[in-house]
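Structure, as structure tokens:
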Amino acid sequence: MKLSILGGGGFRVPYVYQALLRDQGSPRIDDVWLYDTDAERLKAMTDVLARFADDFPDAPKVTATTSLDSALEGSDFVFAAIRVGGLAGRVCDERVALDLNVLGQETTGPGGLAYGLRTIPVMVDIARRVRELAPQAYVINFTNPAGMITEAMQTVLGDRVLGICDTPSGLGRRVSTSLGLDASRAQFDYVGLNHLGWMRRVLVDGEDVLPRLLADDDLLGDLEEGVVFGREWLRDLGLIPNEYLYYYYFNRDAVRSILDAPRTRGEFLSRQQGEFYQRVTQAAGASPVELWRETVANRSANYMAEAKGTVQGETPPDEAFSPDPVHQGYAGVALSVMAAISRNERATMILNVRNGTTIAALPADAVVEVPVTVDANGVHPLATTPPDLSQAGLMQQVKAVERLTISAALTGSRADAVKAFSLHPLVDSVTVGRKLLDGYIDRIPEVAAVFHRSASASFEDGP
């Protein structure tokens, strides 16, 4: 089977390839195409993959290309992990908002809307190419903002597009591990949108074990979400929020922390990734795998630094990180999706999918993040308990903003874009909303192009 990876020069690619190397099912992916617009990045990443493949005589063949059509043609699965505007665009996503004392973060708040505005036209065009060149393919979208992008692509490809984020599954694993339980035996009651959801129950043999975690000071304090939100707030809620809800529940704290830091996440990654690709290209005899491991470990250690009391770019003490999470994160979820569809290895996971009748408070064609069953017949959302009023209200407001952003991106409507920025709960000001849009148009050419009916793009990996 053929897998095409869009954004093939990005940092996630080795995770996916390692999962493929260890997959012994049949049929399996044996033909991997990496697509990127940057030939040097492609060369660096193929060097890394070649080293990983050394110990696997049946390693999937890897082909690198700067031709989108060649990568897509005849694909069984398409992974999309691109960054329109590159990391320079991400830095502007952050700084335009921060200059107005508003949250500057790549997927949550106005930065996510700017990212969506310039990404949606490109991804919808890709969806059209998939429909023409690989009509039977499933598109597994990693591109952020994942829910918004998946919903836009579904206007072309329908349910053959699904979105992946490893945050909910990672939360489920952490909760299970904290309690000494096998995560594969647990059922996770989770509801929300991408980067905006809540783990409400964790069922093991019919028992909800989440109250045990919430009642234990030591276990809850050691949980990553306990560090981010504090034990008291988690107990007040009676559940565990997705870590990105930190930006809603502690918005002023987050903005102040990011403003006080010497650099933003985008600025840190821009410098770090530039150094990585330069070192891979220039280092004589140095192992590209070790360079990748070193870079990705530091990258992970600085993830959401503002929520964890650390400084972007400085590695926290005693930071533990495994650079090869073969059956975890994006790679593990993606491999499970492919195995379920191609081999009918029925699996339950949390994905970004079309709502249907799952959450009555949202439109049927809205993309939501909920538990689903995946098999050879596709993706099937599971019935879920309705969200409470505070959850449903926040989801409705953010979904309204997402749909206005999709409309603006596809039609060039400045009015819809102004409404999207102004109505976002982390902006909450028409005056600031207009200034945000003007700032992004002035500083990011790909955003300006949306409103001038032209398009340009560069491709890169995710956060």
Side-chain angles (χ1 to χ4, degrees), residues 1-6 12-32 52 56 59-60 75-81 136-144 146-147 150 157 159-177 181-192 194 197 199 202-204 242 322 324-354 358 367-382 384 462:
M1 292 191 298
K2 178 179 178 180
L3 166 67
S4 62
I5 301 179
L6 312 185
R12 286 196 185 107
V13 174
Y15 291 142
V16 176
Y17 192 65
Q18 288 176 88
L20 297 176
L21 287 171
R22 292 167 171 81
D23 178 30
Q24 296 302 310
S26 180
R28 66 191 288 255
I29 299 294
D30 57 6
D31 190 15
V32 177
F52 278 123
F56 295 85
S75 293
D76 297 284
F77 293 96
V78 177
F79 288 2
Q136 300 307 308
Y138 275 84
V139 176
I140 302 174
N141 178 50
F142 299 148
T143 301
N144 278 319
T150 301
L157 295 172
D159 289 333
R160 298 190 81 85
V161 183
L162 53 92
I164 286 183
C165 179
D166 64 344
T167 305
S169 58
L171 170 57
R173 284 194 304 272
R174 288 192 294 276
V175 169
S176 301
T177 300
L181 302 170
D182 181 357
S184 66
R185 294 180 53 236
Q187 293 177 283
F188 302 114
D189 175 11
Y190 184 94
V191 67
N194 180 238
M199 185 75 73
V202 177
L203 299 173
V204 178
N242 183 301
S322 170
D324 298 327
V326 174
H327 294 297
Q328 299 182 12
Y330 289 93
V333 178
L335 186 64
S336 295
V337 169
M338 291 191 296
I341 291 172
S342 64
R343 305 197 290 251
N344 203 28
E345 294 180 4
R346 190 179 180 91
T348 299
M349 60 195 79
I350 299 169
L351 298 175
N352 287 270
V353 297
R354 190 185 298 264
T358 307
V367 165
V368 296
E369 191 168 77
V370 293
V372 303
T373 297
V374 188
D375 57 24
N377 294 314
V379 179
H380 318 284
L382 302 178
T384 188

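Everything quoted here is computed from the prediction, not taken from an experiment.
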(request) Write down the atom of L21, the atom of P60, and the distance for their closest heavy-atom approach. (result) CD2-CD, 3.8 Å
(request) Please name all residues satisfying side chain to side chain contact (heavy atoms under 4.5 Å, CB included) with D375, sequence neighbours left out, ordered by chain then number. (result) N344, R346, N377, H380
(message) When you measure from the side chain of S169 to the backbone of D166, do you find a donor-acceptor pair of N or O atoms at a distance under 3.5 Å?
(response) yes
(request) Give the minimum heavy-atom separation between A146 and N141, together with the two atoms involved. (result) O-ND2, 3.4 Å
(request) Show your reasoning for whether side-chain contact (heavy atoms from CB on, under 4.5 Å) applies to L3 and L20. (result) CA-CA 10 Å; L3 166 67; L20 297 176; 3.8 Å; yes
(request) For the pair V370 and L382, evaluate side-chain contact (heavy atoms from CB on, under 4.5 Å) and give the outcome as yes or no after the intermediate values. (result) CA-CA 8 Å; V370 293; L382 302 178; over 6 Å; no
(message) Test of understanding: with salt bridge (Lys or Arg N to Asp or Glu O under 4.0 Å), list the residues that count as partners of D76, not counting sequence neighbours.
(response) none
(message) Quick one, F188 and P168 - any side-chain contact, counting heavy atoms below 4.5 Å?
(response) no
(request) For V32 and I5, run side-chain contact (heavy atoms from CB on, under 4.5 Å): C-alpha distance rounded to whole Å, both residues' side-chain angles, the deciding distance at 0.1 Å, then the answer. (result) CA-CA 7 Å; V32 177; I5 301 179; 4.1 Å; yes
(message) I'd like to check the ring-ring contact (aromatic ring centres under 6.0 Å, His included) partners of F79; sequence neighbours left out, ordered by chain and number.
(response) F142
(request) Looking only at non-hydrogen atoms, find the nearest pair between S75 and K2 and report the distance. (result) OG-CE, 3.6 Å
(request) Please list, chain by chain and in numerical order, all residues satisfying side chain to side chain donor-acceptor pair (under 3.5 Å) with D31, sequence neighbours excluded. (result) W33
(message) Using the salt bridge (Lys or Arg N to Asp or Glu O under 4.0 Å) criterion, which residues pair with R28? Sequence neighbours excluded.
(response) D58
(message) Within this structure, what is the CD1-CZ distance for the pair I29 and F77, rounded to the nearest 0.5 Å?
(response) 6.0 Å
Check: residues 332-341 side-chain donor-acceptor pairs under 3.5 Å, at least two apart:
residue	atom	partner	partner atom	Å
S336	OG	G332	O	3.0

(request) Could you tell me whether the side chain of I164 reaches within less than 4.5 Å of the side chain of N352, counting heavy atoms only? (result) no
(message) I'd like to check the side chain to side chain contact (heavy atoms under 4.5 Å, CB included) partners of T177; sequence neighbours left out, ordered by chain and number.
(response) none
(message) Measuring only between side-chain heavy atoms, which start at C-beta, is D159 closer than 4.5 Å to V353?
(response) no
(message) When you measure from the side chain of D30 to the backbone of M1, do you find a donor-acceptor pair of N or O atoms at a distance under 3.5 Å?
(response) yes
(request) Return the set of residues passing side chain to side chain donor-acceptor pair (under 3.5 Å) with R343 (not counting sequence neighbours), or none when no residue passes. (result) D23, E345
(message) The criterion is side chain to side chain donor-acceptor pair (under 3.5 Å); which residues satisfy it with N194, sequence neighbours excluded?
(response) E369
(message) For a side-chain contact (heavy atoms from CB on, under 4.5 Å) check, start with the C-alpha distance between I140 and L162, then their side-chain angles and the critical distance, and finish with the verdict.
(response) CA-CA 5 Å; I140 302 174; L162 53 92; 4.1 Å; yes
(message) Is any side-chain heavy atom of S176 closer than 4.5 Å to one of D182?
(response) no
(request) With sequence neighbours excluded, tell me which residues meet side chain to side chain donor-acceptor pair (under 3.5 Å) with N242. (result) Y190
